[in-house]
2 protein chains.
Amino acid sequence: MKVEAKLNPSRDDIVDLFSKGLSTEAIVTIFAHCRVFYDGRAKSELGPGDRVIIIKPDGSFLIHQKEKREPVNWQPPGSSVSLDVREDKLILRSVRRKPKEILEVELIDVYLFSYFQAEDYEALALVGSEAEMADLVFKNPELIEEGFKPISKEKSIRHGIVDLLGKDKDGNIVILEFKRRRADLHAVSQLKRYVETMREEYEKVRGILVAPSLTSGARKLLKKEGLEFKKLNPPKQEKSRKGRQKTLFD
Amino acid sequence: MKVEAKLNPSRDDIVDLFSKGLSTEAIVTIFAHCRVFYDGRAKSELGPGDRVIIIKPDGSFLIHQKEKREPVNWQPPGSSVSLDVREDKLILRSVRRKPKEILEVELIDVYLFSYFQAEDYEALALVGSEAEMADLVFKNPELIEEGFKPISKEKSIRHGIVDLLGKDKDGNIVILEFKRRRADLHAVSQLKRYVETMREEYEKVRGILVAPSLTSGARKLLKKEGLEFKKLNPPKQEKSRKGRQKTLFD
DNA sequence: TATTTAATGTCGGAC
DNA sequence: GTCCGACGTTAAATA
């Protein structure tokens, strides 16, 4: 059976369904009144309340409250889960080895216990990333300025990795840092680090922040540091089909 | 009824339960074979497969595959969801206003439709954050060095916000940047930005990166820039109970 | 609202 | 395994 669900399960039901869900590599989903304890990189406690608990076959463990996109507590993939009875309490326990982290959920009341043997062979196809901005500029250098010549992408230098390294028409080294969204102070500091590193070896080094826009603070710092800005939006078109003609839908 | 769940629901069941779940501020959870389309800051497509879909009463919308901690697609809190029939297809649609983003889930096959009127008045109590490191040092300045005098926390300066500003025993300005985990190149660049900004106004300015450890690259850059490192772990003790005496369990 | 930064960030890629 | 940086980052605090 691909899916099983039990409303107001008994303790035996829970133990049985948990075991079945785990052994069949299913996604286990529980609606429960529970308490949560976490200790690891940080430490937390969450008092009694109703939450949705999800345990994935890869060890991912999520506890969701009724608000926010983020789980209130979690364990990443690779963690090991078990269901124990302690002092007459039902406890879900997930352990991560490195770093050592423990998540414990005391199941006070379980309203629904379900599992889902999900079959999924699809991966997300996404366009509009920063890497695609760099690709776009590598193929169309004139988007930056006339005479710009790209040299290398993802170039590792002493203190970091430069998105795109090139030369301008006067032979100066040009460092490009791409941001797919509005660039902030952090982005300027990053670019500045690359520029300063390259200036140790080259005479004239320019730094250009390539992004759809700048925050006010970023603009000020960029100017003060003598760095430049080039407006560019991340591309969201389909990738070209290896030379095939574009269709009406492209 | 706090929880309702229907296995292999009919189209009418789905429409009915969706409406009931939405109107009662419940968390709606769906096990389904589906396709997903997203367009907004980026653009993505996900072919047919089995996923767990969660819709929260605050508008958060999560689509989980059977692996990873992160949802494969989502919509953040504040989004508006609807269930439409289009060309005989059942489509869950979530719209975010700003930035404009649209998420569409084509429900090809629904295995389980459930909702949960979760009651939850608890907030997470977490210790071990970066802010607590700063608090700790503010109260125990000798943890940094003999003679250190904290002046202000979260001090806004021209290009950013300094975690902790103080003076050393010689009267020099000291800027502390805290990291709750191993500090990297970014952390050094951040500290450097603050130090350089303060040096425009003050004669002698020291910068100290306070963290449990440093990456190798961070150590090199820190040294080259004449900045300092002070090892400190984020505190994970209970917060003091408003001056009450500590108990045996503290 | 825009800005800035933390996060138990997570994730992937390069070395 | 460590290091480095992106992310449709999300979320909180602040101006």
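Chain naming here is simple, since letters A, B, ... match the order of the sequence lines and numbering starts at 1 in each.
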*When you list every nucleotide of DNA chain C with an atom under 4.0 Å from a heavy atom of chain B, which one comes first 5' to 3', and which comes last?*
C:dA2 to C:dG12
*With B:Phe116 via ring pair (Phe, Tyr, Trp, His ring centres under 6.0 Å) - residues at least two apart*: A:Phe31, A:Tyr111
*Keeping to residues at least two apart or across chains, list the salt bridge (charged side-chain N to carboxylate O under 4.0 Å, His left out) pairs with something in residues 206-218 of chain A.*
A:Glu145-A:Arg206, A:Asp168-A:Arg206, A:Arg206-A:Glu228
*Does the side chain of A:Arg93 come under 3.5 Å of the side chain of A:Ser82 through a donor N or O and an acceptor N or O?*
no
_For B:Glu25, give me all partners under side chain to side chain donor-acceptor pair (under 3.5 Å), at least two apart in sequence or on another chain._
none
_Between D:dT14 and C:dT8, how many Å separate the two C1' atoms, rounded to a whole number?_
24 Å
*Looking only at atom P, what distance separates D:dG8 and D:dC4, rounded to whole Å?*
23 Å
Check: residues 208-220 of chain A side-chain donor-acceptor pairs under 3.5 Å, at least two apart:
| unit_1 | atom_1 | unit_2 | atom_2 | d |
| --- | --- | --- | --- | --- |
| A:Ser213 | OG | A:Arg182 | NE | 3.2 |
| A:Thr215 | OG1 | A:Ala218 | N | 3.1 |

*Separation of D:dA11 C1' from B:Asp58 CG (nearest whole Å)*: 13 Å
*With a 4.0 Å cut-off on heavy atoms, is A:Lys220 in touch with a base, just the backbone sugar-phosphate, or nothing at all?*
nothing
*B:His186: what forms a ring pair (Phe, Tyr, Trp, His ring centres under 6.0 Å) with it, not counting sequence neighbours?*
A:His186
*Sole residue of B:Leu227, B:Leu191, B:Asp184, B:Leu185 in side chain to side chain contact (heavy atoms under 4.5 Å, CB included) with B:Leu221*: B:Leu185
_Residues that A:Pro141 engages under side-chain contact (heavy atoms from CB on, under 4.5 Å), provided they are two or more places apart_ = A:Phe148, A:Pro150
*Write down the distance between CZ (B:Arg219) and P (D:dT2), rounded to a whole number of angstrom.*
15 Å
*Using side-chain contact (heavy atoms from CB on, under 4.5 Å) as the criterion, list what pairs up with B:Asp120, not counting sequence neighbours.*
A:Arg51, A:Gln65, B:Glu122
*Sequence neighbours left out, what passes side-chain contact (heavy atoms from CB on, under 4.5 Å) with B:Ile157? Give chain and number order.*
B:Lys155, B:Val162, B:Tyr194, B:Thr197, B:Met198
*Strictly below 4.0 Å, heavy-atom distances to any atom of DNA chain D: list the hits from residues 205-214 of chain B, or just say none.*
none
*Could you encode protein contacts along nucleotides 4-10 of chain D as a string, one character per nucleotide from 5' to 3', using B for base contact, S for sugar-phosphate-only contact and - for no contact, with a heavy-atom cut-off of under 4.0 Å?*
SSSSBBB
_My understanding is that only residues two or more places apart in sequence, or in another chain, count here; which of them pass side-chain contact (heavy atoms from CB on, under 4.5 Å) with A:Glu154?_
A:Ile161, A:Asp163
